Q: 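Supplied in structure tokens, the structure appears directly below.
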Amino acid sequence: MWLESHAGLGPLPGLFPDLAALRAAPPAKLWPVADPDLRWLDDLNPAQREAVTYGEGPLLVVAGAGTGKTRTLAYRVAYLVAQGAPPERILLLTFTRRAAEEMLSRAEGVLRRAGDVRGRAWGGTFHATASRLLRLHGQAAGLSPDFTVLDGGDAEDLLGLLRHELGLASRDRRFPRKATCLAIYSRAVNGTEDLSTVLARHFPWTAAWEDELRTLFRAYVDRKKRLRVLDFDDLLLYWREMVADPALARELSAQFDHLLVDEYQDTNRLQAEILRGMRIGNDNVTVVGDDAQSIYRFRGATVRNILDFPREFPGARIVALEENYRSTMPILRTANALIAQARERYTKNLWSPRERGPRPLLVACRDERAQDEFVVGEVLARYEAGVPLRNQAVLFRAAHHTASLEVELARRGIPFRKYGGLKFVETAHIKDALAFLRVAENPRDELAWFRILELLDGVGPVTVSRALAHLAQHGHRPEAIAFFSGPSASREDLERLGKLLAELRGDLPLPAQVERVRRFYEPLLTALYDHAPARLRDLESLEVIASGYSSRRSFLADLQLDPPESAADLAGPPHLDDDWLVLSTIHSAKGCEWDAVYLIHAADGFLPSDLATGSEEEIEEELRLVYVALTRAKTYLTVTWPLRYAYRRWGAADAHGYAQLCRFFTPAVRETMEEGTAGGDVGTPSEGHGVTRFDGAARIRARWG
DNA sequence: ACTAATGTCCTTTTT
DNA sequence: GGACATTAGT
């Protein structure tokens, strides 16, 4: 399970069949829809129907943006069930649990319409599914079933702890930060690359620390084992270890008749290996993906998985979905022109029966403030023209790109919800509250102990270490914390904590457990954090969420692996009939669609991010990212970029520089768009071609009133 | 032993 | 503006 074990594998050797050539294979015969129970198949176009009704064996669906991929997968699940496959023997792997929910409920809807009511298929992310399978079968792989899962923050904290313990923190040259350490580790594990390759290719500035990093990672692996915790990567690693065992692989494979994988272009090598191992005995795998939308290379994803699929699963049928039902032709023309710059590409241009519609708008804004005002003006104009806020989305490369926009939205009283960036469970107070439950669940979870104990007066790292030793001496019974002799200021709290943990370990229903935690934690929270009322409300929401669960274990697993997207307190004031504007990172916008999309900060340095322009491959990924952003729009697409931006770095107060339009908007792309400026005289000598001026909001009304 | 204050370097995307 | 190491103060 250690890094060296997957060293030196490199990309798989061999010749890969060209996808385009494979696609030209003779079409499979369509199943006739004579059966009245299958009338619903008429909802589908020929390519979709071919994918849906494909029989046994491997199937690769290459589905361009907006071509009805979700619907196809949902119908396929419904079809398989209608053909007699027991739902609980179908496994649907998606990128988020929400995507799985969406598809499974749509499949259920289809079946219900046909009068077929049966159980639900298995569905979820690779990670969530791993967690479930490891609870069921992990003991065979030497895993204790009471393991807890570390989220990214916990994993970083553990690395930070070890980084300190190993004395790597104070050296003359600065050692990589804990977040960087985790990124390196994760990259090595997910890409199944060895450490020196990862360092050289993706983190060259840390290459001098290779030996120390290796020591750190070794300690990290050991410690996780001792604490009975798994990080996100371990979930996949242990799953892979399970299927590497022939007997276990057979057992796991036999549990499912069909496997379906969504967003296959964003899976990594590890996930491909797992998929292969889960299909011993039969080859019933459907994968759906679009190489033009691969945007998770940084997480080790490779398009190679799609390309290699026919080789991994010989005899695979390939079906391409090319008709777009989402966007108008003018939007697709821009998207097609943009993605035409990609070096490697297998999907064709998209076309849509929706011929008519406004051309996408490219707007040069005077500065960030003008951009904010322009976007808000457009959003409101469209809102008044009848497009609800929730059918409009502002997309951006990095979470912090919306800082000033959020202020403007709050000032104007426009409710919004932000996706990507900090999540509900990542806020300090929710993490604190969950730490109590984690300790009750897995008393060896030192990270949870650190969180809890450091809340107490007079307790710091040194005291926590003593407390942990004390606990170990008492058989890791968490209630033993009551008679740990800590600093006098914490005496009383320690006793109360011991009582609380004893209660949690009893047979209290989960919502009551959360309520006890809340009562213990409230005074600490109020003393320690600002915005206490908002945080207390979050704790109440946590109690509500808990009421949907019967077991603490599944509650914790779900919250760690698929947390609610956005914190309620990050949203604006909840009025306007529960309508809100969507702000989302492009990554989080994957799979979504909106009537109106605004892509902001389309300037080099922001998009592509200047941190992602180091190599050809990275730049290609940024191009695909822009492609994903553009293809989210159904009817209205607006791209903005600020010409002038203030330096955020420390230093001169009002220093500013001039931005350049995102490099992917070449003349060929701009030809498909309409251009304008916002915010008065922008004074750009270099970007002057074809720029016309207009007042954004008024113009919007005139165009689409 | 812990907390607050100060100085220095880096600043993405997510399960 | 945040993360993190170091230093000074309680």
Side-chain angles (χ1 to χ4, degrees), chain A residues 93-99 124-131 149-153 155-157 160 163-164 168-180 182-183 186-187 189-190 202 205-206 230-236 263 266-268 270-271 294-301 395-401 403 419-423 425-426 453-454 456-466 486-490 528 557-563 565 584-590 601 605-614 618 621-622 624-625 628-629 647-650:
Chain A
L93 294 165
T94 53
F95 213 72
T96 62
R97 196 194 298 280
R98 267 166 311 293
T125 59
F126 270 89
H127 294 85
T129 306
S131 160
V149 175
L150 304 182
D151 68 11
E156 280 179 14
D157 289 347
R163 185 173 170 274
H164 235 258
L168 298 166
S170 38
R171 299 284 188 90
D172 33 344
R173 278 196 56 239
R174 188 177 281 228
F175 193 75
R177 315 175 5 195
K178 62 185 182 185
T180 311
L182 182 65
S186 191
R187 186 76 199 226
V189 169
N190 280 289
H202 310 294
W205 64 93
T206 63
L230 301 190
D231 64 18
F232 286 149
D233 299 329
D234 288 329
L235 292 167
L236 298 185
E263 310 278 14
D266 285 323
T267 55
N268 58 39
L270 198 47
Q271 289 165 313
S294 156
I295 54 174
Y296 280 91
R297 215 185 72 102
F298 70 92
R299 208 170 80 184
L395 305 184
F396 39 87
R397 172 71 235 258
H400 68 261
H401 288 168
Y419 297 87
L422 196 66
K423 293 193 180 115
V425 284
E426 285 164 358
L453 294 173
E454 289 196 321
L456 273 37
D457 269 349
V459 178
V462 179
T463 311
V464 176
S465 298
R466 277 179 44 230
S488 54
S490 64
L528 282 162
D558 271 14
L559 277 186
Q560 302 273 291
L561 294 169
D562 190 57
E565 274 282 351
S584 173
T585 58
I586 302 173
H587 284 90
S588 295
K590 179 199 224 328
H601 282 298
F606 293 92
L607 182 67
S609 163
D610 50 11
L611 297 162
T613 49
E618 282 178 305
E621 175 140 320
E622 298 286 302
R624 295 191 295 268
L625 205 50
V628 168
Y647 283 125
R648 264 157 238 280
R649 315 196 76 123
W650 53 272

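Fair warning: this is a prediction, and the values are worked out from it, not measured in the lab. Letters go in sequence order (proteins before strands), and every chain restarts at 1.
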Q: Go nucleotide by nucleotide along DNA chain B from the 5' end; which of A:Ala128 and A:Arg174 gets its closest nucleotide reached first?
A: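 First, find each residue's nearest nucleotide; the 5'-ward one identifies A:Arg174.
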Q: Looking only at the side chain of A:Thr585 (C-beta and beyond, no hydrogens), which of the listed nucleotides C:dA5, B:dT14, B:dC2 gets closest?
A: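 Given the options C:dA5, B:dT14, B:dC2, the side chain of A:Thr585 is closest to B:dT14.
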Q: Grab the two heavy atoms, one from A:His601 and one from A:Phe606, that are nearest each other, plus how far apart they are.
A: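 Nearest pair, atom of A:His601 first, then A:Phe606: O-CB, 3.3 Å.
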Q: Looking at B:dT15, B:dT12, B:dA1, which one has an atom nearest to any side-chain atom of A:Thr463?
A: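 Among the listed nucleotides, the one closest to the side chain of A:Thr463 is B:dA1.
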Q: Over all heavy atoms of both residues, which pair between A:Asp266 and A:Arg299 is shortest? Give the atoms and the distance, please.
A: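 Closest pair (atom of A:Asp266, atom of A:Arg299, distance): O-NH2, 4.4 Å.
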Q: Just the rounded figure in Å: distance from C1' of B:dT14 to CZ of A:Arg297.
A: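 Going from CZ in A:Arg297 over to C1' in B:dT14 covers 16 Å.
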Q: Are A:His587 and A:Tyr296, when compared by the centres of their aromatic rings, separated by less than 6.0 Å?
A: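 Yes; A:Tyr296 has its ring centre under 6.0 Å from that of A:His587.
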Q: For A:Phe126, which contact category applies under a 4.0 Å heavy-atom criterion: base, sugar-phosphate, or nothing?
A: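 Here A:Phe126 touches no strand at all.
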Q: A:Asp231 CG to B:dT15 C1': how many Å, rounded?
A: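 Distance check: A:Asp231 CG to B:dT15 C1' gives 11 Å.
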Q: I'd like to check, for A:Phe298, whether its ring lies over the base of B:dT14 with centroids under 5.5 Å apart and a plane angle smaller than 30°.
A: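 No, A:Phe298 does not stack on the base of B:dT14, since the centre distance and plane angle fail the 5.5 Å and 30° test.
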Q: What is the distance from CD of A:Glu156 to P of C:dC4, rounded to the nearest Å?
A: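 After rounding, the gap between these two atoms is 8 Å.
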Q: Looking at A:Lys178, I'd like to know whether one of its side-chain N or O atoms comes within less than 4.0 Å of OP1 or OP2 on C:dA3.
A: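 The answer is no; no side-chain N or O of A:Lys178 sits under 4.0 Å from OP1 or OP2.
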Q: Measure CG/A:Leu456 against P/B:dC2 and give the value in whole Å, please.
A: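 Distance check: A:Leu456 CG to B:dC2 P gives 12 Å.
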Q: What nucleic acid atoms does A:Arg173 come within less than 4.0 Å of, heavy atoms only: base, sugar-phosphate, or nothing?
A: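 Touches nothing.
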Q: Between A:Arg98 (CZ) and B:dT15 (P), how many Å, whole number?
A: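 In whole Å, B:dT15 P and A:Arg98 CZ are 8 Å from each other.
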Q: Give a yes/no on whether any side-chain N or O of A:Ser588 is located under 4.0 angstrom from OP1 or OP2 of B:dT14.
A: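 Yes, because at least one side-chain N or O of A:Ser588 sits under 4.0 Å from OP1 or OP2 of B:dT14.
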Q: Can you tell me the distance, in whole Å, between the NE2 atom of A:His400 and the P atom of B:dC10?
A: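 Rounding to the nearest Å, NE2 of A:His400 and P of B:dC10 are 17 Å apart.
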Q: Which is true for A:Arg177 with a 4.0 Å heavy-atom rule: it touches a base, it touches only sugar-phosphate, or it touches nothing?
A: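 Touches sugar-phosphate only.
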Q: Got a donor-acceptor contact below 3.5 angstrom from the A:Arg624 side chain to the A:Ser294 backbone?
A: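 At least one qualifying donor-acceptor pair exists.
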Q: Whether the side chain of A:Arg163 engages the backbone of A:Phe175 through a donor-acceptor N/O pair (distance < 3.5 Å, no angle test) should be reported.
A: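 Yes, A:Arg163 side chain to A:Phe175 backbone: donor-acceptor pair under 3.5 Å.
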Q: Could you tell me how far C:dA5 sits from B:dT12 if I compare only their C1' atoms? Round to whole Å.
A: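 Comparing C1' positions in B:dT12 and C:dA5 gives a spacing of 25 Å.
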Q: Rounding to a whole Å, what distance do you find between A:Arg624:CZ and B:dT12:P?
A: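 These atoms are roughly 21 Å apart.
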Q: In whole Å, what is the span from the CZ atom of A:Arg163 to the C1' atom of C:dA5?
A: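 Value for this atom pair: 9 Å.
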